[in-house]
Amino acid sequence: FLKARHERMHKKVVKEKELIRSEIIKRDSHFWLGSKKVTDLKLSEELIFPSVRIYPSEYFYKAILFKEKIEQMAIFDYNLLILKKLSLSGKRLNEAFKEAERGKVESSLTALNLYKKQLAELLPHLSKVSKINENFFILQEDIYKAFLKHFDKLKAIKEVFPDDRVEEII
């Protein structure tokens, strides 16, 4: 009975996580007396700062942004959408850092401006973050930790930015 239930739940979870790869999110299971099994998310470094293949200075960058918008429109679960937006905002920071390292200051500033825009869209919704569904939930503490890592990445960007342009960073 438990094995069959576990398989049904597993199929449901895998189906709901099609847009977020299972190796990105590490799961811990908790059992509480009188309640259902609940799994909370451990936001990995790869989820907070996804890898970057196409940079703001490259020709196809706008196509990547368009693709990300379409992916977001395909997510109907409110909290999965917040996870996706959090991940994409981290991706903008990664882009800004890599571009600054390559000496492409204007492209780095483009990524930082997109980060500000995405952050402005994300912040009003964070107070509503809670249980995603009956299988797992996002902890506000995890989101707080993600933003601490964002802050550290911003510091790293300032370190590689030219001294005369540092004041332009957020």
For this session: Using side-chain contact (heavy atoms from CB on, under 4.5 Å) as the criterion, list what pairs up with Ser87, not counting sequence neighbours.
Result: Leu47, Pro50
Problem set entry | Residue pair Glu99, Arg102: steps toward the salt bridge (charged side-chain N to carboxylate O under 4.0 Å, His left out) verdict | CA-CA 5 Å; Glu99 289 286 57; Arg102 295 167 62 189; 3.1 Å; yes
For this session: Could you tell me which residues satisfy side-chain contact (heavy atoms from CB on, under 4.5 Å) with Glu159, sequence neighbours excluded, listed by chain and number?
Result: none
Problem set entry | By salt bridge (charged side-chain N to carboxylate O under 4.0 Å, His left out) - contacts of Lys85 (at least two apart) | Glu121
Exercise. What residues, two or more places apart in sequence or in another chain, satisfy side chain to side chain donor-acceptor pair (under 3.5 Å) together with Lys91?
Worked result: Glu68
For this session: Please write out which residues are connected to Phe60 in a hydrophobic cluster, directly or through intermediates, given that two of Ile, Leu, Val, Met, Phe, Trp, Tyr count as joined at side-chain heavy-atom separations below 4.5 angstrom.
Result: Ile54, Tyr59, Tyr61, Ile64, Leu65, Leu114
Seminar exercise, completed: Taken in chain and number order and not counting sequence neighbours, the residues that satisfy salt bridge (charged side-chain N to carboxylate O under 4.0 Å, His left out) with Lys67 are Glu71
Seminar exercise, completed: Applying side-chain contact (heavy atoms from CB on, under 4.5 Å) to Lys62 and not counting sequence neighbours gives none
Problem set entry | Hydrophobic cluster of Leu88, others only, ordered by chain and residue number, side-chain cut-off 4.5 Å | none
For this session: Starting from Phe66, walk the hydrophobic network (Ile, Leu, Val, Met, Phe, Trp, Tyr; side-chain heavy atoms closer than 4.5 Å) and list everyone else you reach, by chain and number.
Result: Ile70, Met73
Side-chain donor-acceptor pairs under 3.5 Å in residues 147-156, sequence neighbours left out?
unit_1	atom_1	unit_2	atom_2	d
Lys149	NZ	Glu45	OE1	3.1
His150	ND1	Tyr115	OH	3.0
Lys153	NZ	Asn94	OD1	3.0

Exercise. Sequence neighbours excluded, which residues qualify as salt bridge (charged side-chain N to carboxylate O under 4.0 Å, His left out) partners of Lys117?
Worked result: none
Exercise. Which is it for Lys104 and Glu95 under the salt bridge (charged side-chain N to carboxylate O under 4.0 Å, His left out) test, yes or no, and what are the steps along the way?
Worked result: CA-CA 11 Å; Lys104 301 193 177 200; Glu95 292 166 353; over 6 Å; no
Seminar exercise, completed: For Val52, the other hydrophobic cluster members (4.5 Å side-chain criterion, sorted by chain and number) are Tyr55
